[in-house]
Amino acid sequence: WSPRPHQLALLARAQAGRSSLLIAPTGAGKTLAGFLPSLVELAPLSRDEARPHRLHTIYISPLKALAVDVLRNLETPARDMGLALRIEARTGDTPPARRQRQRAKPPDILLTTPEQLSLLIASDHARAFFEDVRAVIVDEAHAIAPTKRGDLLALALARISSWAPGHRRVGLSATVADPPALAR
């Protein structure tokens, strides 16, 4: 594997603390581009077994099946890079015991849906859960933004911004009619 130019560009923007909207064709490595900055940031931390459990990256998918697929696909490069990271999904199918554990000891990377994100934000310990977030990745942004789910997500992202003001956002999409509007 070798990185593609848009993956390196997104990494450089993330290292500069900038949010991004990546529009690239299907199969061009958008999802990995979105996660690459987080994997690089988490790499040195993953070897520290005494580190506290903090949520670093939230990945938001319009479909729970996509979140689960991306989880499987993300575990491979993390394993290949030798990273000892906790990467988990939280969907409507996540068992209650795992949800409780995720709240008490957040994974490094959490893959979820807009609805599950809203439920997490409504919980009693939401501020503590989200205050260390460094990145939010919204996949298939074009499919979420113009809908009621997009409005719900915008409210959730505004709340996360109040708790984790320094985080960056990455929007991923294959097709966009109006990129500036989607970026906003």
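Below, each value reflects all heavy atoms present in this structure, side chains not excepted, and no hydrogens, waters or symmetry copies.
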Backbone of Ala28 reached by a side-chain donor or acceptor of His6 within 3.5 Å: yes
Which heavy atom of Ile23 sits nearest a heavy atom of Ala174, and at what distance? CG2-O, 3.9 Å
Answer yes when Asp69 and Arg72 have at least one side-chain N-carboxylate O distance shorter than 4.0 Å, and no when they do not. yes
Do Leu85 and Leu39 make a side-chain contact, defined as non-hydrogen atoms from C-beta onward lying under 4.5 Å apart? yes
Side-chain heavy-atom pair Ile109, Pro107 within 4.5 angstrom cut-off: no
Please check if Leu74 and Val68 belong to a single hydrophobic cluster, counting links between Ile, Leu, Val, Met, Phe, Trp and Tyr side chain heavy atoms closer than 4.5 Å. no
State, to 0.1 Å, how close Ala14 and Arg168 come at their nearest heavy-atom pair, and which atoms those are. CB-NE, 3.3 Å
Exercise: identify the closest heavy-atom pair between Ala135 and Ser38: CB-OG, 3.8 Å
Applying a strict under-4.5 Å side-chain criterion to I, L, V, M, F, W and Y, I'd like to know whether Val70 and Ile137 cluster together. yes
Min side-chain heavy-atom separation Arg90-Leu120 under 4.5 Å: yes
Indicate the atoms forming the closest heavy-atom contact of Ser118 with Leu152, along with that distance. OG-CG, 3.3 Å
May I ask whether Ile58 and Leu119 are part of the same hydrophobic cluster, defined by side-chain heavy atoms of I, L, V, M, F, W, Y residues being less than 4.5 angstrom apart, directly or through others? no
How many angstroms lie between CG in Leu55 and CZ in Phe130, if you round to the nearest 0.5 Å? 6.5 Å
Could you state the interatomic distance from OG1 (Thr112) to CD (Gln102), rounded to the nearest 0.5 Å? 8.5 Å
Leu83 side chain near Leu42 side chain, heavy-atom distance below 4.5 Å: no
Working to the nearest 0.5 Å, report the span between NZ of Lys64 and CG of Asp93. 3.5 Å
Single-linkage hydrophobic cluster, 4.5 Å side-chain cutoff, Phe129 and Leu153 together: yes
pair Trp163-Ile121: side-chain heavy atoms closer than 4.5 Å: yes
Say you draw a straight line from OG1 of Thr31 to OH of Tyr59; how long is it, rounded to the nearest 0.5 Å? 5.0 Å
Quick one: CG on Asp108 to CD on Glu88, what's the gap to the nearest 0.5 Å? 9.0 Å
With the side chain counted from C-beta on, respond yes when Arg159 and Leu155 share a heavy-atom pair under 4.5 Å apart, and no when they do not. no
Do His167 and Arg169 have side-chain atoms, one donor and one acceptor, less than 3.5 Å apart? yes
Rounded distance [0.5 Å steps], CZ in Arg79 versus CD1 in Ile87: 9.5 Å
For Ile144 and Pro62, which heavy atoms make the closest approach, and how far apart are they? CG1-CB, 3.7 Å
List the steps and the verdict of side chain to side chain contact (heavy atoms under 4.5 Å, CB included) for Leu172 and Phe35. CA-CA 11 Å; Leu172 305 175; Phe35 281 110; over 6 Å; no
Where Leu111 and Ala67 come nearest, the two heavy atoms and their spacing: CD2-O, 3.6 Å
With a 4.0 Å cut-off, would you call Arg149 and Glu115 a salt bridge? yes
Side-chain heavy-atom pair Lys30, Leu10 within 4.5 angstrom cut-off: no
Using the test side-chain contact (heavy atoms from CB on, under 4.5 Å), find all partners of Thr175 that sit at least two apart in sequence or belong to another chain. His142
Taking atom CZ of Arg98 as the centre, does the number of heavy atoms from other residues, nucleotides or ligands within less than 6.0 Å exceed 12? no
Going by salt bridge (Lys or Arg N to Asp or Glu O under 4.0 Å), name the residues that satisfy it together with Arg134, two or more places apart in sequence or in a different chain. none
Check the pair Glu41 / Thr57 against side chain to side chain contact (heavy atoms under 4.5 Å, CB included), numbers first and verdict last. CA-CA 10 Å; Glu41 289 173 10; Thr57 300; over 6 Å; no
Going only through I, L, V, M, F, W and Y residues with side-chain contacts under 4.5 Å, is there a path from Ile60 to Leu63? no
For Gln116 and Thr113, indicate whether the former's side chain and the latter's backbone hold a donor-acceptor pair under 3.5 Å. no
